[in-house]
Amino acid sequence: MTGEWNDLMRDRFRKVDTLAASGTAAYPNDQKVGWTTAAARAAAAGIPPEDLPGKSIRVDIAGRIVALRRFGKATFLVLSDRAGRLQAYLKRDAVGEAAYDLFLSTVDAGDILWVEGTLFVTRTGELTVEAARYRMLTKGIRPLPEKWHGLSDVETRYRQRYVDLIVNEEVREIFRRRARIVSFLREYLVRRDFLEVETPMMQPVAGGATARPFVTHHNALDMDLYLRIAPELYLKRLLVGGFERVFEINRNFRNEGISTQHNPEFTMLEFYQAYATFGDLMALTEDMLSSLAVGIFGDTKFPYQGGTVDFTPPWERLTVAGAVARYGGVPEERLAEEGFLREMAGRLGIPDAATSPPGNLLVAVFEEVAERKVAGPTFVTGYPIEVSPLSRRTDGRPHLVDRFELIVRGREIANAFSELNDPVDQRGRFEEQLLRRERGDEEAHFMDEDFLRALEYGMPPAAGEGIGIDRLVMLLTDSPSIREVILFPQLRKEG
RNA sequence: GAGCCCAUAGCUCAGUUGGCAGAGCAUCUGACUUUUAAUCAGAGGGCCGCUGGUUCGAUCCCAGCUGGGCUCACCA
C-alpha cells in the first residue's frame, strides 16, 4: 500500500517531516502515562465546577484524537483511551507559541497524543484537561472515518476491525462485555472446584461432535491431523485420569458454511462433572446463566432484538416429541409410530424420510417445526439415541438418552448429557457411526480406539455440557450476527 | 451450495430516461483563545469494484467475474 498514498495521506506524511525538522519524534516510545480518562473523571467527581481550577488537579493522559476543533489560538480535542474519552484544551498562551504552532501544523484527528494539565469544566459543562504540555506519541497517516456517520460499511468494519474499534465505541463495548462473560463463566466454574485444562486442537481423530473437520498435515511426522471439532473425548479421558471436574474454553473448527449463526472457528465452553447427571447440569446451567445475566445487566431479564429474554429460573422443560406435538399440531403419541413419523417428515420435505432412522427423523422434524418457535430458555430433553452417540441411555427407555439442549430464541445455546461410560455400549455406538460413514455420512464419528481404551479403565459416572460462547455473547449483547461478536470473523480473500 | 440485494472521493451518501461526475464531513489556504457534527471565506481531491459486450458515446443498459449483506440449505 505504501506508494499508493492518496492526497490525504500525503498531507499527513509531510507532517512527519515537519515534526522531524523541528527535532520532534513522530513515533517516540518513552512517554509514561500516569492517568486514564476514567481516573481523571473520578478525580473531579463531586467537585463543584467553579472550585475545580482552584484544586489544580494535575493529570496526564494519552489516547487517540477522535475529535479536533481548532479555533486559531486555542484547540479542543477529545482523547480516547482504554477507559473512555476526555476532552483536552490547548491554548497558545499555556503551551507556548512555538509548541502550539507546531501542534497546529502537525496534529490531526487520528493521531495518538499525550497531554498534561489541570482539570476544569467548560462553560458548556464538559470536564476538560487544560494542557500545559502535549506530546505526539504516534502520527497517524490514514484519515479516520467521518465523525458524524462514522464507519458503517460492514465489510470494512470486519476487515479493518481496528478502525471499527477506534470510531465505534459500542463495538468496543461488545468485546469488553464478551471478555466479562468469559471471565464470569471461568470464575463460576473455578469456584465450584472445576479445573481449567487445555486439550489438543490438532487431533489424529476428530471426534466429539457430528461435523466436517478441517484437515492439516504435520510434515515431520508425515501425518494428517484434524483441527478439532470438539474437545469432548479428551475431556472425558481426563475424567478417567481422576480430574473429576474439568472445563475448557477454547476454539472449535468446523468445515461448514458461514452464516449469521456460524463462523468456521468458534468458541466453546465444555465442562464435565463426575457423579453428576444431566439433571444436575440443568440446575447448574439455570444458576450459572441467570447469575451471569444479573452480573451483566443487574437483572435476569434483558433485551434481545426487539424482545425480552428472561433467564429467571426455573426454566421450561420440554421433550423433543412434546415440542413437535405442540408446535406441529400433531398428537404426541403418534410420533412413536414409525409410519406416521416418516409420513410427516416426508410432508415437510426432509431428505431420506423413507430410509433415515426414526430418531434422526424425529429430531429433523423438531428442527423443522418447533425449534425456531421456542422462545426459551427451554431445556429440550428426550433425544433419541441415534443422534446421540456419546450420551448415556435413559434407564428403562433405551432408545432415548439422558440429554438436553438449551434453546433460547429458537437457537441452541447449550448441549449436555449424562456421559456414556459403558465401554461396550460406546464401542457399539462407534460401530453404528462407522456404518453411516460407509453409507456416505461425512459427519459420522470415526472409531476412537484410544478413547474406548480409556473407558475400559473406567470413567466415573458423569455429565458434561457444551455452551456456544459466541451465541451466548450474541444474546447478551443484542447482536443479530455472530460476526458482531467475533473480532476478526472469517471472510473471503480481499479482492 | 442456491435465491435476492449491494459496490460512485478517505468516510457517509446523492446522481446520470446513455452526453465533461455531485453533496456533507475530512484535507489544504485564510479568519477565529471555553468549543461540542464549532462557525465563516476560498481551493484541491474520482480506474463510478474488475473484465468484456451493445452504442457515435457506458459510471448508467447487457453478460461474466470479484467482494459484501440478507434468506434458505448444513451446523453449534
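In this text the structure is predicted, and so the values were computed from the model without any measurement. Here is the naming used below: chain letters follow the sequence lines, and residue numbers restart at 1 for every chain.
The separation between A/R372 atom CZ and B/rU71 atom P is 11 Å, rounded to whole Å. Between A/Q261 atom CD and B/rU71 atom C1' there is a gap of 12 Å when expressed in whole angstrom units. Protein atom CG of A/D108 is 15 Å distant from nucleotide atom C1' of B/rC25, rounded to whole Å. At whole-Å resolution of the value, CD in A/E443 and P in B/rA73 are 15 Å apart. In this structure, CD1 of A/I350 is placed 14 Å from C1' of B/rC74, rounded to the nearest angstrom. Straight-line distance from the CD1 atom of A/I407 to the P atom of B/rA76: 11 Å, rounded to whole Å. The distance from atom CD of A/E484 to atom P of B/rG69 is 10 Å, rounded to the nearest whole Å. The CG atom of A/D164 sits 15 Å away from the C1' atom of B/rU12 (whole-angstrom rounding).
Donor-acceptor pairing under 3.5 Å, judged by distance alone, is absent between the side chain of A/D7 and the base of B/rU27.
The side-chain contact (heavy atoms from CB on, under 4.5 Å) search around A/M202 returns A/T216, A/L225, A/L227, not counting sequence neighbours. Here A/D448 pairs with A/R237 under the salt bridge (charged side-chain N to carboxylate O under 4.0 Å, His left out) rule; sequence neighbours left out.
Taking atom C1' in both B/rA43 and B/rC5, the straight-line distance is 39 Å, to the nearest Å. Separating the P atom of B/rU12 from that of B/rA26 is a span of 15 Å, rounded to the nearest Å. Nucleotides B/rA63 and B/rG24 place their C1' atoms 36 Å apart, quoted to the nearest Å. One P atom belongs to B/rG49, the other to B/rC6, and the distance between them is 13 Å to the nearest Å.
In this structure, of B/rG68, B/rA76, B/rU71, it is B/rG68 that holds the atom nearest to the side chain of A/R492. Proximity note for A/L8 (side chain, C-beta onward) versus B/rA26, B/rA76, B/rC28: the nearest is B/rA26. With B/rG68, B/rU12, B/rA76 as the candidates, the nucleotide lying closest to the side chain of A/E412 is B/rA76. Listed nucleotides B/rA76, B/rC70, B/rA26 differ in distance to A/R483; the shortest reach to its side chain belongs to B/rC70. For A/E368, counting side-chain heavy atoms from C-beta on, the closest listed nucleotide (B/rU12, B/rC28, B/rA73) is B/rA73.
When each of A/V154 and A/A211 is assigned the nucleotide of RNA chain B bearing its nearest heavy atom, the one mapping closer to the 5' terminus is A/V154. Where A/A209 and A/K73 meet RNA chain B, the nucleotide closest to each residue was compared, and A/K73 sits on the side nearer the 5' end.
Looking at heavy-atom distances under 4.0 Å, A/G150 makes contact with sugar-phosphate atoms alone, never a base. Among the protein residues, A/T210 comes within range of the sugar-phosphate backbone only, with heavy atoms under 4.0 Å from sugar or phosphate atoms but none that close to a base. Across all strands, A/T156 comes closer than 4.0 Å to no nucleic acid atom at all (heavy-atom distances). Residue-level contact check: A/L491 touches the backbone only, with heavy atoms under 4.0 Å from sugar-phosphate atoms and none from bases. Among the atoms of the strands shown, none is found under 4.0 Å from any heavy atom of A/N255. Note on A/D470: nothing from the nucleic acid sits closer than 4.0 angstrom, heavy atoms only.
Donor-acceptor pairing under 3.5 Å is recorded for the side chains of A/R172 and A/S80. No hydrogens or angles considered: nothing links the side chains of A/Q490 and A/Y158 as a donor-acceptor pair under 3.5 Å. Side-chain atoms of A/Q87 and A/T128 form a donor-acceptor pair, as typed in the model, at a separation below 3.5 Å. Under 3.5 Å, the side chains of A/T267 and A/R178 contain a donor-acceptor pair of N or O atoms.
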What one-letter contact string describes nucleotides 34-39 of chain B from 5' to 3', where B marks a base within less than 4.0 Å of any protein heavy atom, S marks contact via sugar-phosphate atoms alone, and - marks no contact?
BBBBB-

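Sorted by first and then second residue, the salt bridge (charged side-chain N to carboxylate O under 4.0 Å, His left out) pairs involving residues 255-272 of chain A (not counting sequence neighbours) are A/R251-A/E265. Sorted by first and then second residue, the salt bridge (charged side-chain N to carboxylate O under 4.0 Å, His left out) pairs with a member in residues 402-416 of chain A read A/R392-A/D402, A/R403-A/E405; sequence neighbours excluded.
Residue-environment remark: CD (A/E170) exceeds the threshold of 12 foreign heavy atoms within 6.0 Å.
Each of A/T285, A/I407, A/L475 was checked for a side-chain contact (heavy atoms from CB on, under 4.5 Å) with A/I413, and the lone residue meeting it is A/L475.
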Which string of ( ) [ ] | and . matches RNA chain B, if you list each base 5' to 3' and count Watson-Crick or G-U pairs only when both distances are under 3.5 Å?
(((((((..((((.....[..)))).(((((.......))))).....(((((..]....))))))))))))....

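A cation-pi contact, defined as under 6.0 Å to the ring centre and within 45° of the axis, links A/R437 to A/F446.
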